[in-house]
2 protein chains.
Amino acid sequence: MHSQVPSENQLAQQFGVSRMTARRALTELTDERVLKRSQGLGTFVAESVAASSLLEVRNIADEISARGHSYSNRILLAQECMASADVARALEVPEQAKVFHSIIVHCDNGLPIQWEERFTNPALAPDYLEQDFVHTTPNAYLSKVAPLTQADTTVEAIAAEAAIAHALEIAPGDACLQVWRRTKSRIGTVSFARLVHPGNRYRLGAQLRF
Amino acid sequence: MHSQVPSENQLAQQFGVSRMTARRALTELTDERVLKRSQGLGTFVAESVAASSLLEVRNIADEISARGHSYSNRILLAQECMASADVARALEVPEQAKVFHSIIVHCDNGLPIQWEERFTNPALAPDYLEQDFVHTTPNAYLSKVAPLTQADTTVEAIAAEAAIAHALEIAPGDACLQVWRRTKSRIGTVSFARLVHPGNRYRLGAQLRF
DNA sequence: TGTATATTGTTGTATATACAAGAATGGTTA
DNA sequence: TAACCATTCTTGTATATACAACAATATACA
């Protein structure tokens with residue numbers, strides 16, 4: 001369904017801005033794959049690509065129960081803090097702005113399987129700290145508050161530091177899979193998470209089709 | 001090192017364009033994470049971390065040269081062998097069938113960055129061993145022979161074993177990112193690769209849009 | 001009727017201008 | 001010395017203008 005969007009000039013007139021600013025908005029939406037434009041024809045809403053969730057952002061509690069295992073967690077920390085330089089950049093907030101900081105360890109049949117350290121933008125999820133994370137994961141709450149439009153993920157291998165090794169019940173220095181994930185909604189960057197998995201208890205899979 | 005880039009006005013004057021077009025170029029490079037800008041301070045080249053996308057199968061030689069670094073490799077092994085049970089299952093050939101087996105270490109500016117151990121189906125790439133892998137990577141050759149239609153990828157963290165540690169110039173037991181990748185073409189399973197990266201020299205990235 | 005041409009409306013590109021906002025510097029003053 | 005302020009340079013935002021490139025449509029003409 002190629003539904004057409006008003007032209008730059010129409011939008012400019014309609015919203016009382018110049019054509020160039022209307023154009024910039026359309027360009028940004030085009031960069032985000034929301035719109036498609038073609039010279040001489042016009043601007044159209046883009047076909048929503050059959051969200052073939054290759055590397056989907058799933059709730060780990062759901063994953064574990066989908067395997068028929070029991071899910072449990074331990075909340076190590078849930079508080080407000082000041083954004084460090086890295087966190088501020090990731091969340092696109094000013095440095096030393098107040099952000100929510102939580103650390104939760106997720107267990108599969110009682111065995112720790114993920115260290116989830118998360119920084120959340122209070123502007124987009126103000127009730128974050130009031131959630132009952134024993135029964136709702138941060139992921140589930142955030143998905144409800146602000147539907148995700150984008151996720152940037154980075155994967156690397158690290159040696160477990162002391163605190164993480166203790167929480168995951170592995171030896172310090174053991175290989176871990178570390179995932180950095182920044183999730184964005186339409187309004188802005190919602191959350192920045194560091195997920196650490198024991199290397200011998202977890203794998204990441206992706207199936208690509210071309 | 002935070003090397004600074006000329007300001008918008010300087011670039012405009014230097015290249016004889018207006019400030020706005022110089023600015024647009026800088027903005028695009030910033031969107032691509034090539035530059036970082038901050039108001040009042042200036043524009044800087046962003047730290048380029050060795051990272052590749054989890055969602056695409058790219059030639060590592062191209063990735064390295066795209067970063068402006070020099071690519072080199074060491075061929076540790078290139079021969080025919082009998083398929084083990086795992087390899088046979090992955091390649092969908094009978095057990096103990098003849099398959100090609102190669103081990104190549106890829107280097108970025110002389111520093112080992114990937115151990116590539118690959119099993120290839122001779123039926124789909126008969127000339128595999130005749131390739132000059134000093135100048136053509138297995139990836140490049142296979143893509144030419146049989147266009148990929150699917151890739152199954154698994155990522156995990158492991159401790160480096162002796163042979164790999166030696167080849168990658170890291171200590172045994174150091175954390176490594178291990179990627180298993182099985183690539184299929186329309187006709188069948190082409191290749192099965194085990195890619196091991198030093199954890200502190202490599203990252204995998206993925207950007208998802210919903 | 002069929003074909004060429006002109007017109008209109010669209011996006012794409014480049015420019016010039018003005019001012020706001022942030023950060024560092026230097027000088028003045030208490 | 002310490003605090004304050006003005007200046008300057010930077011990026012960020014918004015606007016207005018002109019023209020190019022492309023596509024569809026209307027018009028004129030053979």
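Residue numbers begin at 1 in each chain, while the letters A, B, ... track the order of the sequences. Bear in mind that the values here come from a model prediction, so they are computed numbers and not experimental data.
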B:Thr136 (side chain) donor-acceptor with B:Phe133 (main chain) under 3.5 angstrom: no

Rounded distance in Å - CD (B:Gln13) to C1' (C:dA16): 16 Å

Between C:dA14 (C1') and B:Glu28 (CD): distance, integer Å: 13 Å

Listed nucleotide nearest any side-chain atom of B:Asn9, set D:dT15, C:dA16, D:dT11: D:dT11

B:Ser65 (side chain) donor-acceptor with B:Ala61 (main chain) under 3.5 angstrom: yes

A:Arg118 and A:Ser102: side chain donor to acceptor below 3.5 Å: no

Angle between terminal axes - the helix from C:dT1-D:dA30 to C:dA30-D:dT1, 5 pairs each end, rounded to 10°: 10°

Touch class at under 4.0 angstrom, heavy-atom based, for B:Thr21 against every strand present: base

Closest heavy-atom pair and its distance - B:Ala159, B:Gly173: CB-O, 3.6 Å

Nearest-angstrom distance from the residue atom CD of A:Gln4 to C1' of D:dA23: 12 Å

Under-4.0 Å side-chain N/O to phosphate OP1/OP2 contact, B:Arg37 with D:dT10: no

Letter per nucleotide, 5' to 3', of nucleotides 17-23 of chain C [B base touched, S only sugar-phosphate touched, - untouched; heavy atoms, 4.0 Å]: BB--BBS

Side chain to side chain, A:Val105 and A:Asn73, heavy atoms closer than 4.5 Å: no

Nearest-neighbour nucleotide for the A:Ser7 side chain, D:dT15, D:dT10, C:dT11 considered: C:dT11

Heavy-atom closest contact (A:Val155 atom, B:Val155 atom, distance): CG1-CG1, 4.0 Å

Distance in angstrom units between A:Asp31 CG and C:dG12 P, rounded: 11 Å

Separation of atom CD in A:Glu8 from atom C1' in D:dC22, rounded to whole Å: 14 Å

B:Tyr128/B:Phe119 aromatic ring centres below 6.0 Å: no

Heavy-atom donor-acceptor pair, B:Gln13 side chain to B:Gln10 backbone, under 3.5 Å: no

Options C:dT15, D:dT11, C:dT13, nucleotide nearest the side-chain atoms of B:Arg24: C:dT13

Euclidean distance, atom CZ of residue B:Arg23 to atom C1' of D:dT15 [Å, nearest integer]: 14 Å

Of B:Leu129, B:Asp127, B:Val134, the residue whose pairing with B:Gln131 passes side chain to side chain contact (heavy atoms under 4.5 Å, CB included): B:Asp127

Residue-phosphate contact under 4.0 Å: B:Ser38 side-chain N/O, D:dT10 OP1/OP2: no

